[in-house]
Amino acid sequence: MVNNTMRITGFASGLDTDTIIRDLMKAERAPLDKLFQKKEWMSWQRDAYRDVNLELSAFQKKVDKLRFSSDFNGFKATSSNTANAIVSAKGNAIQGSYDLKIEQLAEVAKIKSGSAIKKGDGTAVKATDKVLAAGETSTFEIKTAKGTATITVTDEDTFASLASKIGSATESGKSLDLRASFDEVTSSFVISTKDMGKDQKIDLTHKTGTSDVASLVFNGGTIAAAPATPTTYSADGKNAKITFDGTVIDNLTSNKATVYGVELTLLKADPTATTTINIESDTDAIFTKIKDFVDSYNSMIDSLNSKVKTHRNREYQPLTEEQRESLSEKEAEKWDEKAKEGLLYNDQIIRDSLTTLRGKMYNTVSGIPDGQLRMLSEIGIQSAYMSKDGKLEINEDKLKEAIANNPDEISNLFTSEDGIATRIYKEVGSSIEKLNKKAGRPNTASTIDISTLGDSIKDVTTQMKTWEDKLKLIENRYWKQFTAMEQAISKMNAQSSSIVGMLGQ
């Protein structure tokens, strides 16, 4: 609102009009200050709820690591010869000792020029040298398991560009899946398939032109004249062949394979060497996961309990701008710390979540037969006697014993349909969703925040705008009143001076 009121200070009355109106407006601003403090408090609350949201999300990620049976792989694998093979145990591995012999590694089909490629004068060629003489053109066919393509070599092609053409060869738009390069150090081509196995192949056959580029690529040396009957130059891939626990396996098209639940990474073929693979119980890995889960739960419980039990100190309201200006920076920080206490005191969402989580931790898991592990207390995890905060304690010896003796039952306890991790994950997700509705997701911009608190903050913001407009009207009214008073006093003073002057005459 534009203020068109002419403001006259106390030149006639002698009053400090600015100060008087400023003090009057302080009283008038009291409702607006209360709205500001209300908005500030709700903004702090919204941030506090979002912090809880992040805490729950972090804990949910910990729980997620215990929701699936693969997370309870209770075995570890060791190799007696890590130069020949690296091993790891999958979830379905069977405890025991196994012998491994690696007779052949899987290989790609690969062509390497038989010798350095040379110019006519006997010097080795460079990547930037031209393959053909000026005016020449030659073609050759390249065939793989993926298809067949014709490579056209012109007098503009260098050895580097020819390698690029081979590597990007296609048939009907489909790649032949080749890798190709020209090595300038050895002056030779290296071409290979991307996949391994005996079904992989590379065939090179001269087609047209007076120079046999296919032979040059395969054999090296100097370029030869095209033969009357073209020769096909071939390279084939190989399957890996191993003997595992007495069983010959020769159909492996990769040097990584899983046999009997043991994941093998084959590194070196040595038919005379036997690598012993041991599969044994790995209680430490599962113990660490469960302990990490319990520690995270306790940390979260501590934090949430503190939030709902801390009372609000109503003597410390959010500072208005005017109040903040009257304090030093350090004083304002200390005030804010006090004012932000109890933001989530006795909050129903958090209290309900704590209660429900506690119950889901302690309750018997349904769907597991009698006689098997059905409660956390049976594996050494429970609350201390008469505990009021819901935190858990671990009997480490009992937990490790349960993991070593009953890994499958431990897995079912956490991962079954009503398992500990399954239901905790769902409950935390439900609490996160309630917090989203209450305060919006973390990092949500206020302009698109449609949460309950977000709507309340917008409503208070609207009320504040209305009050700000109203205060402008009130201030203008005061100025009009004081200006009218000054004008009346001035007029009276003028009349009095006139009368005195007349009496004096």
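The shown structure was predicted, so the numbers you read here are calculated from the model rather than taken from an experiment.
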Is there a side-chain contact between [X] and [Y], using heavy atoms and a 4.5 Å cut-off?
X      : Y      : answer
Glu396 : Phe287 : yes
Leu392 : Tyr362 : yes
Tyr345 : Lys307 : no
Val190 : Ile111 : no

If we ignore angles and hydrogens, is there a donor and acceptor under 3.5 Å between the side chains of [X] and [Y]?
X      : Y      : result
Thr232 : Asp203 : no
Ser113 : Ser188 : no
Asn219 : Ser215 : yes
Thr208 : Thr139 : yes

Checking [X] side chain against [Y] main chain: does a donor-acceptor pair fall under 3.5 Å?
X      : Y      : answer
Asn405 : Glu401 : yes
Ser181 : Asp183 : no
Gln45  : Leu343 : yes
Glu103 : Ile242 : no
Thr444 : Arg441 : yes
Thr144 : Ile202 : no
Ser79  : Val87  : no
Lys165 : Thr152 : yes
Glu393 : Ser383 : no
Thr243 : Val248 : no

(request) Give, for atom CZ of Phe59 and atom CZ of Phe293, the distance between the pair rounded to the nearest 0.5 Å. (result)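 If I round to the nearest 0.5 Å, the distance is 4.5 Å.
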
(message) If I take atom CZ from residue Arg358 and atom CG from residue Asn363, how far apart are they, to the nearest 0.5 angstrom?
(response) 11.5 Å

(message) Tell me whether the rings of Phe244 and Tyr98 are parallel (<30°), tilted (30 to 60°) or perpendicular (>60°).
(response)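 Correct class here is parallel.
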
Ionic contact status for [Y] with [X], cut-off 4.0 Å:
X      : Y      : answer
Asp336 : Lys340 : no
Asp64  : Arg67  : yes
Asp157 : Lys130 : no
Lys198 : Asp236 : no

(request) List the steps and the verdict of side-chain contact (heavy atoms from CB on, under 4.5 Å) for Phe159 and Leu216. (result) CA-CA 11 Å; Phe159 288 94; Leu216 183 70; 4.0 Å; yes

(request) For a side-chain hydrogen bond (donor to acceptor under 3.5 Å, both in side chains) with Glu55, tell me which candidate from Ser303, Ser299, Ser296 qualifies. (result)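 Between Glu55 and the candidates, side-chain hydrogen bond (donor to acceptor under 3.5 Å, both in side chains) is satisfied uniquely by Ser303.
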
(message) For a side-chain contact (heavy atoms from CB on, under 4.5 Å) check, start with the C-alpha distance between Asn84 and Ile102, then their side-chain angles and the critical distance, and finish with the verdict.
(response) CA-CA 8 Å; Asn84 284 6; Ile102 306 172; 4.2 Å; yes

(message) Show, in sequence, the C-alpha distance, side-chain angles and deciding distance for Arg50 and Asp449, and conclude whether the salt bridge (charged side-chain N to carboxylate O under 4.0 Å, His left out) test is met.
(response) CA-CA 12 Å; Arg50 291 180 178 183; Asp449 181 11; 3.4 Å; yes

(message) Taking the cut-offs as 6.0 angstrom to the six-membered ring centre and 45 degrees off its axis, would you call Lys207 and Phe140 a cation-pi pair?
(response)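 No.
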
(message) Would you say that more than 12 heavy atoms from the other residues, nucleotides or ligands in this model lie under 6.0 Å from the CD of Gln95, or not?
(response)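 Result for CD/Gln95: enclosed.
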
(message) With a sphere of 6.0 Å drawn around NZ of Lys194, does it hold more than 12 non-hydrogen atoms of other residues, nucleotides or ligands?
(response)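 Enclosed.
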
